[in-house]
Amino acid sequence: MNKPEILVIAGPTAAGKTAVSIAMAKRYGGEVVSCDSMQLYKYMDIGSAKPSPEEMDGIPHHMIDVIDPREDFSVAVYQEMAKAAIADILERGRLPVICGGTGLYLNALLYEMDFGPSRRDSDYRRNLEKLAEEKGEEALHARLADVDPASAERIHPHNIKRVIRALEAAELDGRPLTAFENVRKKSDAYTARLLGVTWDRPVLYRRIDERVDRMLAAGLKEEVRGLMARGFTSDDIAMKGIGYKELIDHFNGLYPYSEAVRLIKRNTRHYAKRQMTWFRKYEDMVWFNGSAYTDPKNWLEDMYAWADKRS
RNA sequence: GGUCCCGUAGCCAAGUGGUAAGGCAGAGGUCUGCAAAACCUUUAUGCGCCGGUUCAAAUCCGGCCGGGACCU
C-alpha cells in the first residue's frame with residue numbers, strides 16, 4: 001500500500017516560506033501545518049511572523065495560536081498535536097503542507113522519534129541546575145559520565161541544558177539518549193517531499209533587515225508592551241523569542257531602542273545561519289534559491305513544476 | 001610653522017625587546033522533551049610605510065604618510 005504524501009516547505013527565516021506554503025496549498029488543495037516554535041503561541045503575532053488572515057486567503061492553518069505563552073511545551077507535545085492535525089487533513093483527502101523553520105520539530109514529524117510518555121519533573125531539573133551552579137558544570141557532567149558515558153562523550157560540559165536532559169533521560173526515564181543514536185528511520189505514516197526555500201546569504205540578510213523594519217513599523221513594540229502588560233517577563237520561555245527578548249530588555253532600560261533593533265537583526269541572522277546548518281543535512285531536500293531568478297513568478301513556477309511531478 | 005598624542009584583523013582592543021590576549025562581526029558545526037533555546041570550532045607569517053640598532057623589534061631610534069589635540 002502506498003503511503004500518503006505530505007509536502008514540507010522548509011528554509012531559513014525570512015526566505016518566504018509562508019507565501020510559498022499558501023501558494024502550494026491553494027494549488028494542490030492543501031492545508032498548512034505550521035512547524036514553528038513561536039507561531040504556536042497566542043498573542044505573539046507580529047514578531048513570530050504569523051500569516052495574517054488576508055495572507056492565509058482561506059487556507060486552513062494548523063498549529064498556530066494553540067498555546068498560551070506561559071504553557072509548558074516541548075517537541076513531544078508538538079509531535080503529538082501536529083501528527084494528529086496531519087492525520088486529520090489526510091483523512092479528509094487533502095494535502096498537508098508543513099511549513100516551518102524549527103528543525104527539531106520537523107524531525108519529530110519526518111522521523112520515527114519516540115519521546116515516550118510525558119512527565120512533569122521541574123523539581124528534578126531545578127535540583128540539577130542548582131548542582132551545576134554550586135558544584136560546577138564539570139560535576140554535573142561527571143554525573144552524566146557515570147550513568148551514560150556515551151552521551152557524556154557527545155555533550156560538551158558547558159552545555160548544561162543538554163547535560164541535564166541527558167541525565168533526565170538516563171536517571172528518570174531509564175532510557176539513555178544514547179539509545180537513540182543513529183535512529184533515523186523515516187516516518188511510517190507518510191512520505192514527505194521536501195522543498196527548501198532559500199536565497200544567497202547577502203540577499204537573505206538584507207531580507208531579514210527589511211523584515212525586522214517592517215515588523216517594527218507594523219507595531220511590534222506595541223505587541224511587546226501588550227505582552228508585558230499581561231504580565232509576561234523575560235523569564236517566560238516564549239519571551240525568549242527574537243524580537244521579544246530584545247524589546248523587553250529595552251523597555252526595562254537595559255539599552256536604547258536603536259541597540260534593540262540592531263540586536264534583533266543580528267540575532268535573526270544568527271538564527272537563519274543555524275537553520276541553514278540544520279536543513280543542509282536533509283539530503284532529499286530540493287532547494288529553490290530565489291537569488292537565481294529575476295522574476296519571482298518563475299521561482300514559484302519552478303516549484304510548481306517540481307511539485308507537479310508524481311503528485 | 002611649532003609642540004604633544006595616536007596608527008595592531010571588517011570593527012573595538014590588550015600587548016613597551018623574546019616570537020601577536022580577548023570581545024564583536026563573519027564562516028563552519030552539534031542536536032530525541034525550554035530548540036527563535038543551549039553549546040562547540042574557526043579567523044593577522046604579521047602590528048601605517050621606509051630605513052636603522054639588536055642574536056631577537058608591534059615594542060627602541062630616524063624619516064615619511066595618515067588622524068587628533070593644543071600653541072603661534
Side-chain angles (χ1 to χ4, degrees), chain A residues 12-14 34-41 44 46-50 67 69-81 100-122 124-126 129 132 137 140-141 148 151 153-170 172-173 175-185 201-202 204-205 208 211-212 215 234-248 259 262-282:
Chain A
T13 192
S34 167
C35 184
D36 183 298
S37 63
M38 286 295 139
Q39 293 184 355
L40 293 159
Y41 294 109
M44 297 170 63
I46 300 171
S48 72
K50 272 179 211 167
I67 51 170
R70 204 128 35 190
E71 268 177 73
D72 275 341
F73 201 78
S74 73
V75 215
V77 183
Y78 175 80
Q79 185 190 45
E80 193 184 334
M81 293 174 76
T102 303
L104 179 62
Y105 288 10
L106 192 52
N107 273 13
L109 298 181
L110 296 179
Y111 302 105
E112 286 300 320
M113 289 173 71
D114 171 21
F115 294 102
S118 63
R119 335 155 306 269
R120 304 271 144 166
D121 49 20
S122 38
Y124 176 82
R125 282 194 185 184
R126 213 164 297 134
E129 278 162 19
E137 52 196 34
L140 196 69
H141 194 256
D148 183 358
S151 288
E153 186 75 27
R154 282 178 25 203
I155 303 172
H156 191 102
H158 287 173
N159 203 343
I160 296 177
K161 280 191 182 198
R162 288 284 176 72
V163 174
I164 289 180
R165 168 83 268 267
L167 277 167
E168 190 177 61
L172 227 58
D173 302 348
R175 319 190 307 163
L177 289 185
T178 318
F180 305 106
E181 220 174 350
N182 303 321
V183 176
R184 265 300 105 97
K185 184 173 176 293
R201 195 64 67 92
L204 181 66
Y205 284 1
I208 286 171
R211 192 176 70 173
V212 171
M215 284 175 172
S234 38
D235 290 335
D236 294 297
I237 304 295
M239 294 302 116
K240 299 264 201 288
I242 299 169
Y244 295 92
K245 58 169 177 252
E246 297 87 353
L247 283 172
I248 288 175
E259 177 66 0
R262 211 200 99 235
L263 289 173
I264 292 171
K265 290 177 176 172
R266 187 201 65 183
N267 292 340
T268 307
R269 287 196 295 272
H270 288 348
Y271 174 47
K273 193 169 168 304
R274 272 178 275 129
Q275 287 176 302
M276 285 307 297
T277 299
W278 187 289
F279 294 132
R280 270 196 285 248
K281 283 191 305 198
Y282 294 138

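When reading the values below, keep in mind they use all heavy atoms of this one structure, side chains included, and skip hydrogens, waters and symmetry mates. Sequence lines set the chain letters: A, B, ... in the order given, protein chains first and strands last, and positions in each chain run from 1. It should be emphasised that the depicted structure is a prediction, and the values quoted were computed from it without experimental measurement.
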Heavy atoms under 4.0 Å, any strand shown: does A:Asp36 hit a base, just sugar-phosphate, or nothing? base
Do the side chain of A:Lys273 and the base of B:G28 come within less than 3.5 angstrom through a donor-acceptor pair of N or O atoms? yes
With a 3.5 Å limit on both atom pairs, tell me what B:U3 is paired to, counting Watson-Crick and G-U wobble, or say none. B:A69
Can you see which heavy atom on A:Glu246 is nearest to which on A:Gly241, and at what distance? OE1-O, 4.1 Å
If you only use heavy atoms from C-beta on, which nucleotide in B:U30, B:C39, B:U32 is closest to the side chain of A:Lys281? B:U30
Using the P atom in both, what is the distance from B:A21 to B:G2, to the nearest Å? 40 Å
Calculate the interatomic distance between A:Leu263 atom CG and B:A25 atom C1'; express it in whole Å. 12 Å
Determine the interplanar angle of the A:Tyr78 and A:Tyr105 rings, folded into 0 to 90°, and report it as parallel if under 30°, tilted if 30 to 60°, perpendicular if over 60°. parallel
What does A:Tyr244 touch in the nucleic acid at a heavy-atom separation under 4.0 angstrom: a base, only the sugar-phosphate, or nothing? nothing
For A:Thr13, report the nucleic acid contact type (base, sugar-phosphate, nothing); a contact means any heavy atom under 4.0 Å. nothing
Candidate nucleotides B:C34, B:A25, B:A37, ranked by approach to the side chain of A:Ile237 - the nearest: B:C34
Taking only the side-chain heavy atoms of A:Lys161 (C-beta and beyond), determine which of B:A37, B:U32, B:A25 contains the nearest atom. B:A37
Sugar-phosphate only, base, or nothing, as touched by A:Tyr78 at under 4.0 Å among non-hydrogen atoms: nothing
Counting any heavy atom closer than 4.0 Å, what does A:Glu80 reach on the DNA or RNA strands: base, sugar-phosphate only, or nothing? nothing
Closest to side chain of A:Arg266, choosing from B:U32, B:A25, B:A27: B:A25
Ranking B:G29, B:G26, B:U32 by distance to the side chain of A:Arg280, first place goes to B:G29
Would you mind telling me which of B:G28, B:A35, B:G26 lies closest to the side-chain atoms of A:Arg269? B:G26
Given B:C40, B:C31, B:G28, which nucleotide is nearest the side-chain atoms of A:Trp278? B:C31
To the side chain of A:Ile242, which of B:A37, B:C31, B:G26 is closest? B:A37
Which base sits across from B:G17 as a Watson-Crick or G-U pair, both distances under 3.5 Å? none
hbond_proxy A:Arg162 side chain to B:A37 base (donor-acceptor, 3.5 Å cutoff): yes
Determine whether A:Val212 and A:Ile242 make a side-chain contact, defined as any pair of heavy atoms from C-beta on separated by less than 4.5 Å. no
The nucleotide from B:C34, B:C31, B:A35 with an atom nearest the side chain of A:Arg125 is B:C34
So which nucleotide does B:U43 pair with, by the Watson-Crick or G-U wobble rule with both distances under 3.5 Å? none
